Amino acid sequence: MSLGVEVADLSVRYGDVTALDGLSFTLAPGKIYGLLGRNGSGKSTLLSVLAAFRRPAAGRVLVDGQDPFENPSVMSRICLIREGGDLYSSARVRDVVGFAACVREGFDKAYADRLLDVFQIPRRRRVQALSRGQRSALGSVLGLASRAPLTILDEAYLGMDAPSRYTFYDALLEDYAEHPRTIILSTHLIEEVARLLEEVVIIDRGRLVLAGDTEDVRARGVTVTGRAAEVDAFTAGLTVLNSQTLGATKSATVFGPLDDERRDRARTYELDLGPVALQDLFVHLTRESVR
Amino acid sequence: MSPILRSMWHNYRYTFLIYWIIMGLFIVAAQIMVSNTTDQDAVYAGLTNFAPPKYFLSVMGVLFVIVNLPVYVAHGVSRRRYMTGTAVFAALIGATYALISMIAITVNLGFAGRLDGALISRVGFAHLLTDYAYMGAGWLIGVTYYRYGPWYATFLLPFTTSPAWLTDGVFNSLWTTSPFTVQNLALRLPYALAVLAALACIAGAVAAGYALARTVPLKPRRA
Amino acid sequence: MFDDRSPIYQQIADKIKDDVLRGVLSPDDQVMSTNQYAAYYRINPATAAKGFQRLMEEGVLYKKRGIGMFVAPDAPERLRTERRERFFADVVDPMIADAQAVGVPLADIVRHIEKGGSR
């Protein structure tokens with residue numbers, strides 16, 4: 001039912017611009033993944049290769065063990081909803097849903113209708129007349145109701161207001177519980193979705209920064225706070241992502257993991273170890289200076 | 001009916017309806033005007049050689065790529081499956097348009113008292129092939145613009161439009177001529193040879209159109 | 001709801017433990033399913049499941065196959081014992097350290113406690 005994904009040494013170029021540069025990672029089936037990256041990091045390009053919207057320049061992508069490009073049985077089981085949607089912009093909402101129901105195997109029209117009500121999207125309105133948030137909501141409706149074994153939502157909730165976003169999170173979790181499948185959410189707004197994600201893949205400049213269990217990734221980020229000299233001594237040899245000084249006090253964000261021996265050492269140095277939010281960790285990992 | 005055929009019909013049914021309403025009114029008006037202002041037996045089909053459908057169908061060919069193909073692929077339909085379904089759809093609408101043209105020509109010739117079964121069937125079949133060639137050319141124009149952008153695609157126009165003008169040429173049916181004037185032209189291919197040449201044009205258009213669209217990447221979306 | 005100080009599955013486990021200690025959940029009560037829990041707190045079901053797994057390993061919850069998760073009969077007692085053992089380390093020791101840092105004599109603290117706190 002759910003599809004696994006294998007990306008090996010994937011490169012994509014647009015003319016002389018390299019969008020993806022030797023990217024490799026694997027996604028086990030049936031989990032909710034977060035694809036995190038800044039604007040222009042190659043997220044959308046990666047997803048368009050996964051969904052057979054384009055072919056890679058080099059390397060390969062396997063979905064359910066097969067190359068998805070022009071593979072009808074694999075393509076029909078993938079649903080990528082892109083920002084702005086790939087819809088007839090002059091069509092009415094109800095026709096857009098009718099079209100998806102006609103073309104997509106497994107599309108649940110009744111569920112889509114329920115979601116249209118939940119998101120309060122007017123059925124007679126034309127796509128081009130919808131607000132940005134409503135268009136995003138319509139995209140989410142189509143993505144969820146597709147029930148595709150690999151469902152990918154690229155910046156799905158851009159422009160949605162907070163109530164709509166929470167509606168989306170609730171709908172996603174509820175439907176995922178009833179119809180488990182592989183779901184990829186791409187975003188650069190991490191705060192709200194971090195808890196929905198079982199695993200994250202962080203890319204930057206077309207390269208993999210890291211991939212793994214959300215909690216494990218988050219746990220690797222630690223802030224070390226104390227007297228400057230001791231912080232410096234403690235962090236020597238560690239990956240320091242960021243540091244700030246306030247008078248004699250210094251605070252450094254390190255990318256661990258820290259073993260027990262180091263944690264003991266922090267205690268003897270009288271250093272405070274604190275957690276880092278995934279959002280902050282992401283910012284530090286993908287900031288210019290770290291590159 | 002395949003989902004592609006059904007949804008394509010759903011996409012375009014009103015477009016066709018509007019087209020034929022406008023065409024119907026236009027034909028009647030032209031016929032009335034011609035019979036009231038001249039004493040010739042010129043009829044509408046004779047004046048226009050029933051060319052409007054082919055231009056409309058070539059536009060449809062463009063739309064099939066630029067408007068429809070990306071939406072279908074984004075809905076999990078392989079390019080090949082879409083093209084197979086759309087080829088059937090195009091064949092059906094081309095045949096329908098040619099049939100309507102043939103009926104119109106029959107009626108027109110009947111009014112003029114020039115009914116000729118052999119002529120009508122020859123002209124009708126030429127219309128069918130011309131419609132297909134124009135749709136094929138439209139597809140080629142669409143796919144080159146979508147794939148290579150306006151610069152290259154414009155330079156390629158002599159080639160991408162070639163199925164259309166070559167077919168027109170072999171049937172001697174460029175809009176300045178007509179099935180009525182055809183007999184007067186000295187230079188004229190034998191009908192069977194013209195049909196073969198038109199079929200070759202269509203085959204070429206289909207092959208090139210298929211090859212160009214089979215690997216076409218969907219354009220990135222920009223907010 | 002949750003903060004970033006510890007893993008969310010840990011916080012879920014702690015919440016359920018608190019509920020058991022405060023009697024909100026009684027022995028042999030059924031607890032919400034991981035999916036209900038995930039939906040309620042808007043977290044990934046796998047994260048909720050991890051918290052539950054932990055509680056099963058610690059003997060706070062037990063599973064009835066095909067029905068769900070239940071509070072173990074001895075869970076309240078087990079948790080109270082555990083908290084008692086950790087009480088000095090978690091509550092008293094930091095207090096003494098604090099008192100020493102600001103110069104409150106231990107005798108004052110003892111006297112304060114014996115009087116019954118601030119009441």
Side-chain angles (χ1 to χ4, degrees), chain A residues 12 14-15 19 39-40 42 44-45 47-49 51-57 68-91 95-96 98-107 127 132 135-136 139 142 146 148-151 154-155 158-159, chain B residues 1-15 17-18 59-60 62-89 142-143 146-149 151-152 209-223:
Chain A
V12 173
Y14 299 111
N39 290 331
S44 297
T45 301
L47 297 179
S48 62
V49 177
F53 284 17
R54 60 168 50 249
R55 273 191 309 188
F69 193 82
E70 283 298 275
N71 184 329
S73 81
V74 175
M75 280 181 78
S76 68
R77 287 181 288 155
I78 304 174
C79 175
L80 163 58
I81 303 291
R82 299 197 286 184
E83 185 193 342
D86 294 273
L87 308 169
Y88 300 119
S89 53
S90 62
D95 291 330
V96 163
F99 179 78
C102 176
V103 173
R104 271 201 184 284
E105 299 163 34
F107 188 90
V127 172
R132 193 174 187 199
R135 259 204 299 273
S136 294
L142 295 173
S146 78
L150 174 58
T151 302
D154 190 6
E155 303 280 12
L158 273 190
Chain B
M1 206 166 26
S2 89
I4 296 168
L5 217 50
R6 201 170 45 188
S7 52
M8 283 296 268
W9 168 246
H10 197 270
N11 291 336
Y12 283 112
R13 63 198 199 283
Y14 293 126
T15 314
L17 184 70
I18 291 165
V59 173
M60 298 299 299
V62 175
L63 296 181
F64 288 164
V65 187
I66 295 191
V67 174
N68 300 112
L69 179 107
V71 174
Y72 278 89
V73 173
H75 280 73
V77 177
S78 73
R79 292 156 186 78
R80 184 196 162 89
R81 250 185 69 202
Y82 168 70
M83 284 192 276
T84 314
T86 299
V88 175
F89 182 67
V143 77
Y146 187 81
R147 192 168 176 154
Y148 302 116
W151 278 101
Y152 290 117
Y210 179 83
L212 285 170
R214 187 72 206 276
T215 54
V216 68
L218 295 206
K219 283 187 180 164
R221 285 269 160 183
R222 288 283 165 260

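Every value quoted in this text rests on a predicted model; they were computed, and no experiment measured them. Order of the sequence lines fixes the chain letters, A, B, ..., with proteins taken first and strands second; residue numbering starts at 1 for each chain.
Heavy atoms of B/R81 lying under 4.5 Å from chain A belong exclusively to its side chain. Neither the backbone nor the side chain of A/C79 comes within contact range of chain B; no heavy atom of the residue lies under 4.5 Å from a heavy atom of that chain. Proximity to chain A (any heavy atom under 4.5 Å) is shown, for B/S2, by neither the backbone nor the side chain. For B/N68, the parts sitting under 4.5 Å from any heavy atom of chain A are the backbone and the side chain alike. Neither the backbone nor the side chain of A/D154 comes within contact range of chain B, judged by heavy atoms closer than 4.5 Å. Only the side chain of A/F99 comes within less than 4.5 Å of a heavy atom in chain B; its backbone stays farther off. Proximity to chain A (any heavy atom under 4.5 Å) is shown, for B/H75, by both the backbone and the side chain. With a 4.5 Å cut-off on non-hydrogen atoms, A/F107 does not touch chain B at all.
Closest non-hydrogen pair, A/S146 versus A/T151, comes out as OG-OG1, 4.1 Å. Nearest heavy-atom pair across B/L218 and A/R54 is O-NH2, 3.7 Å. Heavy atoms only, all atoms of each residue included: B/P70 and B/Y146 are closest at CG-OH, 3.7 Å. Nearest approach of A/E70 to A/M75, heavy atoms of both residues: N-SD, 3.7 Å.
Judged purely by distance below 3.5 Å, without hydrogens or angles, the side chains of B/Y72 and B/T86 never pair a donor atom with an acceptor atom.
A donor-acceptor distance shorter than 3.5 angstrom exists from the side chain of B/R13 to the backbone of B/H10, with no hydrogens or angles considered. Within the 3.5 Å criterion, the main-chain N or O of B/V216 finds a donor-acceptor partner in the side chain of B/R79.
Each of A/A100, A/C102, A/A148, A/S76 has some count of heavy-atom pairs under 4.5 Å with chain B, and the biggest count is that of A/C102. Each of B/R80, B/R214, B/R6 has some count of heavy-atom pairs under 4.5 Å with chain A, and the biggest count is that of B/R214.
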